[in-house]
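A short worksheet on the structure shown next.
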Amino acid sequence: MNLKLNLFTLSLLLTCMGILAEQQPTPQSIQLGAPFADNAVLQRQMPVPVWGWSETGTKVTVDFAGLKNTTTAGKKGKWMLELDELEASFEPRQMVISDRKGNQVVIKNILVGEVWMASGQSNMQWKVGKSSCNKLKVEAKGNVAPIREFEVTSVFAMLHPIEKADGAWKNGDYGNYSAIAFAFAHKLYEELNVPIGILNCSFSQTAIQAWVPRVGFRDGKDEYTQAIYKKILETDPATPEHKAAWNTFYKSIEDTLKENAGRVKRGEVAKPINVKTPGSMRGNRDASWLFNGRLNPVVPYAIRGAIWNQGYSNAGEGLPYYNNLHSLTRGWRLSWQRPDLPIYFHQFYSPGQKGEWNYNPSSGSMAEMRLGTWFARDIPHANMASQIDVTGGIHYRHKAVPGQRLALHALKNQYGKDIVADGPMFKSYSVKGSNLIVEFEHAGSGLVVAETGSNAIGREKGATGFADPKIIENGKDQVKLFYLADENRVWHPASMKIKVDKVVLTSPNVNSPRGVSYA
């Protein structure tokens, strides 16, 4: 009984961490939601939710840019109201939050423009100062920094969702911004000429599941997603799944202890005791933990959309990345109550890629994860930016182009720019004799061959250092990454010819092609 009681107490303490964190007293009579701090950027042209906590029953007024609204704090002290739509402005202004008891909080240096949330793991968290993005220059408006970045500063992860957290906006210290988010924001700023705000909700060595809210898994129809949701339910003391799972856990320990007592009497070796707890409690990077701690406190801050860069922590899972991307987008949209919230994500890059493979192609889990991401383009109001031509180590330096490619989707779909937002994508292939013809979508006026190496190094005349694709002469003769499979399913290097939006492949070793592989 003591064992069971102690384990239950430990379980209860762990599962209540989020609740305990929110019950800490605060010295202020008015406490604001995490993103409401000096140097904030508010979203233009949509209602702006403002929220916080005060004494229950207190009337609270928010005054900003000539707009004023009043509400009453509820039973738990929380209040929320909306300001009417705002127009973009580089003028630093104040937001005054006050109550009927004379308490007042003033937030200074607020701009109005476009706000996007950026999430992912270390390559989204990676700083401008350690990347090629440090070459991007921002034309300031007088003394006003037009691109700002917010981060939650007080919380890493939580087992259950929390609402209260501390946060801060960076005001022009661009070297400490997220490199990819900064490249994205920089592109928007150049095209739109309005202030840009980034909610940076990213952290290193975190899997995609950690950033998915519970409701994102709840509505998944596949067995993989439902298995994750079941683990989350097993972690919640309010569910029958929790009671059943933990009773089974306790019983397995007690049964093992009883069996071991007999083993010891007989001089046998005792069996190991199962101490793997049920639910999503493998650690603070398990399913939903990062959403609960670092992302939930910024919901429902008004944003235009979200961007996502992640992959390394899921490189061993393969195709289920498709299910996880659906869970992520579904969960974020449910959390913001925005079923059409735009979400743009990167396809995983190519860590360690040297250029030419010297072995037969294979479809490992990393390639399958890229395929799962590619399939996830079926998510409405979402799209993928490829970065397969980006090379480097685990933390690749050249993040300007990947961030800008995400921005192209936003510029086309949210801001009505007449631009090409997608790179060439495989559409289909056909076989004619010894030729295999690959057809591409988004090929524009025709395919070309380019390389990124000279621009990545930045030593050639005119090179940017950003790894911009650079068209090369006689490029088709230098492409070494196409392979054809023969009748025995053996792969052979292939040569290529470009015909507008098609590539014609041949190999002297393949008379009747049965398959094609690239990179």
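Counted within 6.0 Å of NZ on Lys141, heavy atoms from surrounding residues, nucleotides or ligands total more than 12; the atom is thus considered enclosed. Heavy atoms from other residues, nucleotides or ligands lying under 6.0 Å from CD of Gln205 number 12 at most. Within 6.0 Å of NZ in Lys230 there are 12 or fewer heavy atoms belonging to other residues, nucleotides or ligands.
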Could you walk me through whether Gln104 and Val96 pass the side chain to side chain contact (heavy atoms under 4.5 Å, CB included) check?
CA-CA 7 Å; Gln104 187 180 88; Val96 179; 3.6 Å; yes

Please walk me through it: do Arg100 and Thr70 pass side chain to side chain contact (heavy atoms under 4.5 Å, CB included)?
CA-CA 10 Å; Arg100 297 290 174 85; Thr70 300; 4.3 Å; yes

Please evaluate residues Asn134 and Arg397 with respect to the criterion side chain to side chain contact (heavy atoms under 4.5 Å, CB included), reporting the C-alpha separation (whole Å), side-chain torsions for both, the decisive distance (0.1 Å), and the verdict.
CA-CA 10 Å; Asn134 60 14; Arg397 178 176 175 80; 3.6 Å; yes

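Taking the side chain as every heavy atom from C-beta outward, Asp389 and Val401 never approach each other to under 4.5 Å. Side-chain contact between Arg214 and Leu233 is present, with heavy atoms from C-beta onward closer than 4.5 Å. Taking the side chain as every heavy atom from C-beta outward, Ile253 and Leu257 approach each other to under 4.5 Å. Looking at Arg304 and Met46, their side chains come closer than 4.5 Å, going by heavy atoms from C-beta outward. A 4.5 Å side-chain heavy-atom check between Thr256 and Asn274 finds every atom pair outside the cut-off. Residues Pro402 and Val390 meet the side-chain proximity criterion, which asks for heavy atoms closer than 4.5 Å. Put simply, the side chain of Val60 reaches to within 4.5 Å of the side chain of Ile97, judged on heavy atoms.
For residues 213-239, no residue pair satisfies the ring pair (Phe, Tyr, Trp, His ring centres under 6.0 Å) rule, not counting sequence neighbours. The salt bridge (Lys or Arg N to Asp or Glu O under 4.0 Å) pairs that include a residue from residues 61-87 are Asp63-Lys68, Lys78-Glu163, where partners are two or more places apart or lie in different chains. Among residue pairs with one or both ends in residues 336-349, none qualify as salt bridge (Lys or Arg N to Asp or Glu O under 4.0 Å); sequence neighbours excluded. A ring pair (Phe, Tyr, Trp, His ring centres under 6.0 Å) check over residues 102-158, counting only residues at least two apart or in different chains, returns the pairs Trp116-Phe184, Trp126-His395, Phe150-Trp169, Phe156-Phe203. Listed by first then second residue, pairs satisfying salt bridge (Lys or Arg N to Asp or Glu O under 4.0 Å) with a partner in residues 307-323 number zero, not counting sequence neighbours. For residues 170-184, the set of pairs meeting the salt bridge (Lys or Arg N to Asp or Glu O under 4.0 Å) definition, not counting sequence neighbours, comprises Glu149-Lys170, Glu151-Lys170.
When atom types are taken as modelled, the side chain of Glu114 and the backbone of Leu188 share no donor-acceptor pair closer than 3.5 angstrom. Checking side-chain atoms of Tyr177 against main-chain N and O of Ala183 turns up no donor-acceptor pair under 3.5 Å. The main-chain N or O of Lys399 is never found under 3.5 Å from a side-chain atom of Ser131 such that the two would form a donor-acceptor pair. Judged by distance alone, with hydrogens and angles left aside, the side-chain atoms of Ser288 form a donor-acceptor pair with the main-chain N or O of Val212 at under 3.5 Å. The closest donor-acceptor contact from the side chain of Asn413 to the backbone of Ala410 lies at 3.5 Å or more, if one exists at all. Counting only distance, with no hydrogens or angles, the side chain of Gln125 and the backbone of Cys201 share no donor-acceptor pair below 3.5 Å. Side chain of Arg285 to backbone of Leu290: no donor-acceptor contact under 3.5 angstrom is found. Counting only distance, with no hydrogens or angles, the side chain of Ser280 and the backbone of Ile232 share no donor-acceptor pair below 3.5 Å. Using a distance-only test at 3.5 Å, with no hydrogens or angles considered, a donor-acceptor pair links the side chain of His186 to the main chain of Lys137. Side-chain atoms of Gln310 come within 3.5 Å of backbone atoms of Thr206 as a donor-acceptor pair (strictly under, hydrogens ignored).
Within the model, atoms CZ of Phe345 and CG of Leu325 stand 5.5 Å from one another, a figure rounded to the nearest 0.5 Å. Of the inter-residue distances, the one linking Glu234 atom CD with Thr277 atom OG1 reads 10.0 Å to the nearest 0.5 angstrom. A distance of 11.0 Å separates CD1 in Ile110 from OG in Ser89, rounded to the nearest 0.5 Å. Here CG of Leu371 is found 8.5 Å from CD of Gln347. Values are rounded to the nearest 0.5 Å. Considering CZ of Arg148 and CG of Leu111, their distance stands at 3.5 Å, rounded to 0.5 Å. The line from OG of Ser98 to CG of Asn103 is 9.0 Å long, rounded to the nearest 0.5 Å.
Asn39 and Asn109 share a donor-acceptor pair across their side chains, judged by distance under 3.5 Å alone. Side-chain contact of Arg370 with Thr373: a donor-acceptor pair under 3.5 Å is absent, judged by distance alone. With hydrogens and angles left out, the side-chain atoms of Asp378 and Tyr322 include a donor and acceptor closer than 3.5 Å. Side chain to side chain, Asn314 and Gln209 meet the donor-acceptor criterion of an N or O pair below 3.5 Å.
Of all non-hydrogen atoms in Asn123 and Ile394, the two that sit nearest each other are ND2-O, 3.0 Å. Across all their heavy atoms, Leu295 and Trp332 have their closest contact at CD1-NE1, 3.7 Å. For Glu191 against Lys417, the heavy-atom pair with the smallest separation is O-NZ, 3.7 Å. The two atoms that bring Leu328 and Trp211 nearest to each other are CD1-O, 3.6 Å, heavy atoms only. The minimum heavy-atom distance between Arg93 and Ala65, with the atom names listed, is NH1-CB, 3.4 Å. Of all the heavy atoms in Ile162 and Asn296, the pair that sits closest is O-ND2, 2.7 Å.
For Thr56, there are no side-chain contact (heavy atoms from CB on, under 4.5 Å) partners, not counting sequence neighbours. Ala385 pairs by the side-chain contact (heavy atoms from CB on, under 4.5 Å) definition with His346, Arg405, Leu406, His409, not counting sequence neighbours. Partners of Tyr321 by ring-ring contact (aromatic ring centres under 6.0 Å, His included), not counting sequence neighbours: none found. Legend: residues meeting side-chain contact (heavy atoms from CB on, under 4.5 Å) with Ala118, ordered by chain and number and at least two apart, are Met124, Ala181, Ile198, Ile307. A search for side-chain contact (heavy atoms from CB on, under 4.5 Å) contacts involving Asp418 returns nothing, not counting sequence neighbours. Under the salt bridge (Lys or Arg N to Asp or Glu O under 4.0 Å) criterion, Lys135 pairs with no residue, sequence neighbours left out.
Between Tyr250 and Trp246, the ring planes are tilted. Angles from 30° to 60° get that label.
Annotation: cation-pi pair Arg377/Trp374 present, NZ/CZ under 6.0 Å from the ring centroid and within 45° of its normal.
Look at Lys231 and Asp286 and you find no salt bridge, because none of the NZ, NE, NH1 or NH2 atoms lies under 4.0 Å from a carboxylate O.
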